[in-house]
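Structure first, commentary second.
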Amino acid sequence: MLKSPRGTRDLLPPDTALWNFVEAAARDIFRAYNFHEIRTPIFESTELFARGVGEETDIVKKEMFTWEDRGRAESDKGQSLTLRPENTAGIVRAYIEHKLWERGLNKFFSIGPMFRRERPQKGRYRQFYQIDAEIIGPAAAGSQSPARDAEILELVAALLDRVGIANWTLELNSVGCPADRTKFNEALRQALAPVVEKMCADCQRRAVTNPLRVFDCKVPEDQPIIKTLPTISQFLDEDCRTHFEEVKNILNAVHIPYVENPRLVRGLDYYQKTAFEFTHGSLGAQNAILGGGRYDGLSEALGGPPAPGIGFAIGEDRLVLSLMETATAESVIRKPDVYIAPLGGGMNREAARVASELRRHDLVVDLGDESFRLKKSFEAADKMGARYILIVGENEVAADAFALKHLASGEQVTVPRADLAQRILRK
RNA sequence: GUGGGAGUAGCUCAACUUGGUAGAGCAUCGGACUGUGGCUCCGACGGUUGCGGGUUCGAUUCCCGUCUCCCACCCCA
């Protein structure tokens, strides 16, 4: 049997109602913060991600779906294309390409699929969905301000609260400027050198390949050593330090709780200053539902003008997973207001007329078939959770009044055609 | 990419310590009940036991490979 490819899956009803609920809530929140939707291609030139995400990142080195396009002529060498592994690079590319700063546009959101060639596990798929938001623009427009960082964080908190995710934790850090990180990395290597032999095998490897990852070590014996290691906060320059302080000041002012995590780092090269993550329990090892940060140098790295920016990406798959602990898809689905049961030959066309009329009143209407016995229609109406069942038989058509039964109470009345919609809307 | 666990009906799961005709509940469809449901009862449908190979008279069971999912690692949202 044909199956969906590894790491992909079908989203089916009723779960899709939960996805729509999340996306509708996100759109509401974005509107309140004056963000506007942008839709970029799901594949881009490979070069964009190499330059934007970072040549040396695992994402670019081994986790992208990349192929060579067919050139138009023999002499035309095919361009390397890649399914987008994240969306910030694409949005910044569009910002540059269309000179969006000229139009005064600087707050964007986007919802859609991303692709990474990783080994799948729960909450980690090869096609996954992200809700992205970015603030980007000329410094003169205030895009470098810590107020934007705080605004983004407040937006995220509002969104999580809106969809009903309780007990989230905001972890906050500043990863400084590139110069700060260089100094920090150097200090970290020096601090590790004399002690690394006493640490676990993983840490010994990390100390060489990626020293920052030592902070993620979960081995209890290593913790005392890790506590003695320097943190990035000690290496921030004046500008980064005051920026970070002001972000925290504003968060305090709007009562957004956070915990400082000096060990929080970001994997992508372009992050600077503010880095953050929202986590939620019981997602196993993949406990981050959302992450983001500031990327002041990205536009220039992609050949654009200076355009400080900050943004985040919600892992929608994980958000929905978290949501399923408390909410069921059934609770957000809209059930039919009325199920119409045509009864007897020729009644399909009469039922269609009634259904058409009721739908014009914004009622959710479903119907059976004139071949159904009444019992079957009742069972169908029950199964789909309809509020009312409406019987359209010869008697009803002759009288131009229909039997309307409230399924939960069993109360049944005869209602003239003209009064049907109002009657159903009432309760 | 590495390590471990698991794949049996649409869903949730059985089928004794290497082996003997693959079962239940729920769901679906039909009937009891030709214009009044949720309950009950009866019946039917449903499977190349993930796929391929091997051992065996005989494999859901044992062995090998492979695919997929799950857990963890790497890394990351």
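These figures come from a predicted structure and were not determined experimentally. Below, chains carry the letters A, B, ... as their sequence lines are ordered, and counting in each starts from 1.
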Q) Given the rule that a pair is Watson-Crick or G-U wobble with both distances under 3.5 Å, how would you write RNA chain B in dot-bracket, using | for pairs to a different strand? A) (((((((..((((......[..)))).(((((.......))))).....(((((..]....))))))))))))....
(Q) Less than 6.0 angstrom from the centroid, inside 45 degrees of the normal: does A/R9 satisfy that with respect to the ring of A/Y125? (A)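 Because its charged atom sits under 6.0 Å from the ring centre and within 45° of the axis, A/R9 does stack over A/Y125.
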Would you indicate which nucleotide in [options] comes nearest to any side-chain atom of [X]?
X	options	value
A/E277	B/C73, B/A77, B/C75	B/A77
A/P120	B/A77, B/C70, B/C75	B/C70
A/K383	B/C69, B/C74, B/U28	B/U28

Q: Please identify each residue that fulfils salt bridge (charged side-chain N to carboxylate O under 4.0 Å, His left out) with A/E44, with sequence neighbours left out.
A: A/R93
Q: With sequence neighbours excluded, tell me which residues meet salt bridge (charged side-chain N to carboxylate O under 4.0 Å, His left out) with A/R84.
A: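 A/R84 satisfies salt bridge (charged side-chain N to carboxylate O under 4.0 Å, His left out) with no residue once adjacent residues are dropped.
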Q. What orientation do A/Y271 and A/Y295 show, parallel under 30°, tilted 30 to 60°, or perpendicular over 60°?
A. perpendicular
Separation of atom [atom1] in [X] from atom [atom2] in [N], rounded to whole Å:
X	N	atom1	atom2	value
A/R9	B/C69	CZ	P	11 Å
A/Q121	B/C71	CD	C1'	7 Å
A/W168	B/A77	CH2	P	19 Å
A/L264	B/A77	CG	P	9 Å
A/R124	B/G1	CZ	P	13 Å
A/E63	B/A77	CD	C1'	12 Å
A/D317	B/C69	CG	P	14 Å
A/R116	B/C75	CZ	C1'	9 Å

Between [M] and [N] - [atom1] atom distance, rounded Å:
N	M	atom1	value
B/C62	B/C29	P	38 Å
B/G37	B/C33	P	13 Å
B/A59	B/A22	P	11 Å
B/C63	B/G20	P	16 Å
B/U8	B/G47	C1'	8 Å
B/A24	B/A9	C1'	11 Å
B/U61	B/U28	C1'	31 Å
B/A15	B/G23	C1'	7 Å

Could you list the residues that satisfy side-chain contact (heavy atoms from CB on, under 4.5 Å) with [X], not counting sequence neighbours?
X	value
A/T182	none
A/S110	A/I38, A/N87, A/I91, A/D132
A/E379	A/K375

Over all strands shown, is [X] touching base, sugar-phosphate only, or nothing at heavy-atom distances under 4.0 angstrom?
X	value
A/G293	nothing
A/E118	base
A/F128	base

What pairs of nitrogen or oxygen atoms, one from the protein and one from nucleotides 3-9 of chain B, lie under 3.5 Å apart?
from, atom 1, to, atom 2, distance (Å)
B/G3, O6, A/R119, NH2, 3.3

Can you give me every donor-acceptor pair (side chain of residues 154-165 of chain A, partner residue at least two apart or in another chain, under 3.5 Å) with its distance?
from, atom 1, to, atom 2, distance (Å)
A/E154, OE2, A/Y33, OH, 3.3
A/D161, OD1, A/W168, NE1, 3.1
A/R162, NH1, A/D28, OD2, 3.3

Q: Summarise protein proximity over nucleotides 35-45 of chain B in one line of letters, 5' to 3': B for base, S for sugar-phosphate only, - for none, counting protein heavy atoms closer than 4.0 Å.
A: BBBB-------
Q: Would you check if A/L251 and A/L172 make a side-chain contact, meaning some heavy-atom pair closer than 4.5 Å?
A: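 When only atoms from C-beta onward are counted, A/L172 and A/L251 do touch, with a gap below 4.5 Å.
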Quick one: side chains of residues 340-355 of chain A, donor-acceptor pairs under 3.5 Å with protein atoms, not counting sequence neighbours, listed by atom name and distance.
from, atom 1, to, atom 2, distance (Å)
A/N348, OD1, A/E370, N, 3.0
A/N348, ND2, A/D369, OD1, 3.3
A/E350, OE1, A/R353, NH1, 3.2

(Q) Ring centres under 6.0 Å, that's the criterion: do A/F109 and A/F30 meet it? (A)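 For A/F109 and A/F30, the ring centres are under 6.0 Å apart.
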Q) Closer to the 5' end of RNA chain B via nearest nucleotide, is it A/K376 or A/R117? A)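 Result of the comparison: A/R117.
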Q: Could you pull out all residues at least two apart from A/F312 that satisfy ring-ring contact (aromatic ring centres under 6.0 Å, His included)?
A: none
Q) Under the ring-ring contact (aromatic ring centres under 6.0 Å, His included) test, which residues partner A/F43, sequence neighbours left out? A)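 With sequence neighbours excluded, A/F43 shows a ring-ring contact (aromatic ring centres under 6.0 Å, His included) to A/W67, given in chain and number order.
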